Amino acid sequence: MSAPIGLFFGSTTGNTADVAERIARLIGPERVDLHDIIDIAPAAMEDYEYLIVGIPTWDFGEQQEDWLEVWPELDRLKLAGRRCALFGLGDQLGYGEWYLDAMGLLHDKLRAAGAEPVGYWPVQGYDFEGSKALTPDGRYFVGLALDEDSQRAETDGRLEIWVPQVLDAFALD
Ligand SMILES: Cc1cc2nc3c(=O)[nH]c(=O)nc-3n(C[C@H](O)[C@H](O)[C@H](O)COP(=O)(O)O)c2cc1C
């Protein structure tokens, strides 16, 4: 664990894992440690000054299963002073009433642990009915909103905009 950025993700069918690798390539692999949350305790987040955290939503607004497994441990995290960017995967056409709900739930947990969220993302360009991952004014998602089911072609372009914004917010670029 020598890199300044820790990227933690969970993934059931591989989409979030794939995006995590693409983010690492854009940042430069030597600057980021990739951790699948199935293999590591969330307490390892405390070892990093900068965090990127990825979660897909499953089963009508629920957290991905590996995140759900460690969910109670998130209450014990101490992340004061850590900047944290989130990215979420979901399917806005198939599950538009719960689009990216899990990212909203994780955002609230990490903020309660003291993390400072960065990397909010505007809601323009999406078509969904409801989401727990919105800011109170409804203008932003609380992290990067991705959709490998309905808007796969948008993902690379979104990453190319968001990753530099996050590095800027981390004051690393
Ligand atoms: C049974 C099922 C339930 C899902 N429920 C939701 C949901 O409630 N909200 C949402 O935004 N996406 C939902 N999705 C879409 C997944 O989040 C999406 O396919 C995601 O890319 C999966 O990521 P993963 O491959 O990393 O697990 C669901 C997908 C399936 C198959």
Side-chain angles (χ1 to χ4, degrees), residues 5-27 29 32-42 44-45 48 51-74 84-111 115 117-163 165-166:
I5 303 172
L7 194 165
F8 293 76
F9 67 92
S11 186
T12 300
T13 54
N15 291 332
T16 308
D18 179 60
V19 168
E21 281 166 22
R22 284 145 83 179
I23 291 172
R25 274 201 295 277
L26 286 168
I27 292 175
V32 53
D33 291 330
L34 274 184
H35 296 294
D36 188 331
I37 201 67
I38 202 171
D39 296 325
I40 194 163
M45 289 186 194
Y48 295 92
L51 294 165
I52 299 177
V53 181
I55 184 168
T57 301
W58 276 88
D59 300 328
F60 313 102
E62 295 292 325
Q63 303 93 323
Q64 186 266 344
E65 58 190 340
D66 305 316
W67 278 111
L68 206 48
E69 190 80 18
V70 299
W71 205 250
E73 295 175 46
L74 302 180
C84 178
L86 290 108
F87 66 99
L89 275 77
D91 174 358
Q92 62 201 283
L93 294 188
Y95 302 89
E97 290 169 57
W98 309 273
Y99 182 50
L100 304 182
D101 274 5
M103 178 167 74
L105 300 172
L106 187 54
H107 166 270
D108 293 351
K109 278 279 177 215
L110 296 176
R111 206 165 63 166
V118 302
Y120 285 8
W121 184 256
V123 295
Q124 280 79 31
Y126 299 84
D127 184 10
F128 61 97
E129 285 143 61
S131 176
K132 287 186 179 153
L134 299 178
T135 54
D137 63 10
R139 293 173 57 213
Y140 294 90
F141 291 105
V142 295
L144 180 62
L146 297 173
D147 187 336
E148 289 290 88
D149 298 282
S150 310
Q151 293 185 337
R152 180 175 285 262
E154 306 286 338
T155 299
D156 276 332
R158 288 170 172 162
L159 289 171
E160 277 161 25
I161 295 169
W162 182 75
V163 167
Q165 285 177 356
V166 167

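All ligand and atom numbering here is 1-based and tracks the order in the structure. Just so it is clear, the model here is predicted, and its values are computed rather than measured. All residue numbers refer to positions in the sequence shown, counting from 1. These numbers come from the heavy atoms of this one structure, side chains and all, not from hydrogens, waters or symmetry mates.
Counting atoms of ligand 1 from 1 in the listed order, those under 4.0 Å from a heavy atom of Thr12 are 24 (P), 26 (O), 27 (O). Near Phe60, meaning under 4.0 Å from one of its heavy atoms, ligand 1 places the atoms 5 (N), 8 (O). Annotation for ligand 1: atoms under 4.0 Å from non-hydrogen atoms of Thr16 are 23 (O), 24 (P), 26 (O). Heavy-atom contacts of Gly61 reach the following atoms of ligand 1: 7 (C), 8 (O) (cutoff under 4.0 Å). Close contacts of ligand 1 with Tyr99, meaning ligand atoms under 4.0 Å from a residue heavy atom, involve 11 (O). The distance from ligand 1 to the heavy atoms of Thr13 drops below 4.0 Å at these ligand atoms: 22 (C), 24 (P), 25 (O), 27 (O).
The protein heavy atom nearest to atom 15 (C) of ligand 1 is Asp91 CB, 3.7 Å. Distance from atom 21 (O) of ligand 1 to its nearest protein heavy atom, with residue and atom name: Asn15 ND2, 2.9 Å. Remark: minimum distance from atom 19 (O) of ligand 1 to any protein heavy atom is reached at Asp149 OD2, 2.8 Å. Scanning all protein heavy atoms for the shortest distance to atom 2 (C) of ligand 1 gives Tyr95 OH, 3.2 Å. When hydrogens are left out, the protein atom nearest atom 30 (C) of ligand 1 is Trp58 CZ3, 3.2 Å; that is the closest non-hydrogen contact. Looking at atom 14 (N) of ligand 1, its nearest protein heavy atom turns out to be Thr57 O, 3.3 Å. Given atom 9 (N) of ligand 1, the protein heavy atom at minimum distance is Trp98 O, 3.1 Å. Closest to atom 5 (N) of ligand 1 among all protein heavy atoms lies Asp59 N, 3.2 Å.
Atom OG1 in Thr155 sits 7.5 Å away from atom CG in Asp147 (nearest 0.5 Å).
Under the 6.0 Å cut-off for aromatic ring centres, Tyr99 and Phe128 qualify, their centroids lying closer than that. You'll find the ring centres of Trp121 and Phe141 outside the 6.0 Å limit.
Here the side chain of Glu97 pairs no donor or acceptor atom with the backbone of Glu129 at under 3.5 angstrom. Under a 3.5 Å cut-off, the side chain of Thr16 and the backbone N or O of Gly54 do not form any donor-acceptor pair. A donor-acceptor pair under 3.5 Å is absent between the side-chain atoms of Trp98 and the main chain of Glu62, judged by distance alone. Using a distance-only test at 3.5 Å, with no hydrogens or angles considered, a donor-acceptor pair links the side chain of Gln151 to the main chain of Gly125.
Only backbone heavy atoms of Leu100 (N, CA, C or O) come within less than 4.0 Å of ligand 1; its side chain stays farther off.
Not close to ligand 1: Asp101, with no non-hydrogen atom less than 4.0 angstrom away.
Contact record, Gly10 with Ile37: CA-CG2, 3.9 Å, taken as the closest heavy-atom pair. Between Val142 and Gly104, the closest heavy-atom pair is CG2-CA, 4.2 Å.
Shown here is Glu69, whose CD atom has no more than 12 heavy atoms of other residues, nucleotides or ligands within 6.0 Å.
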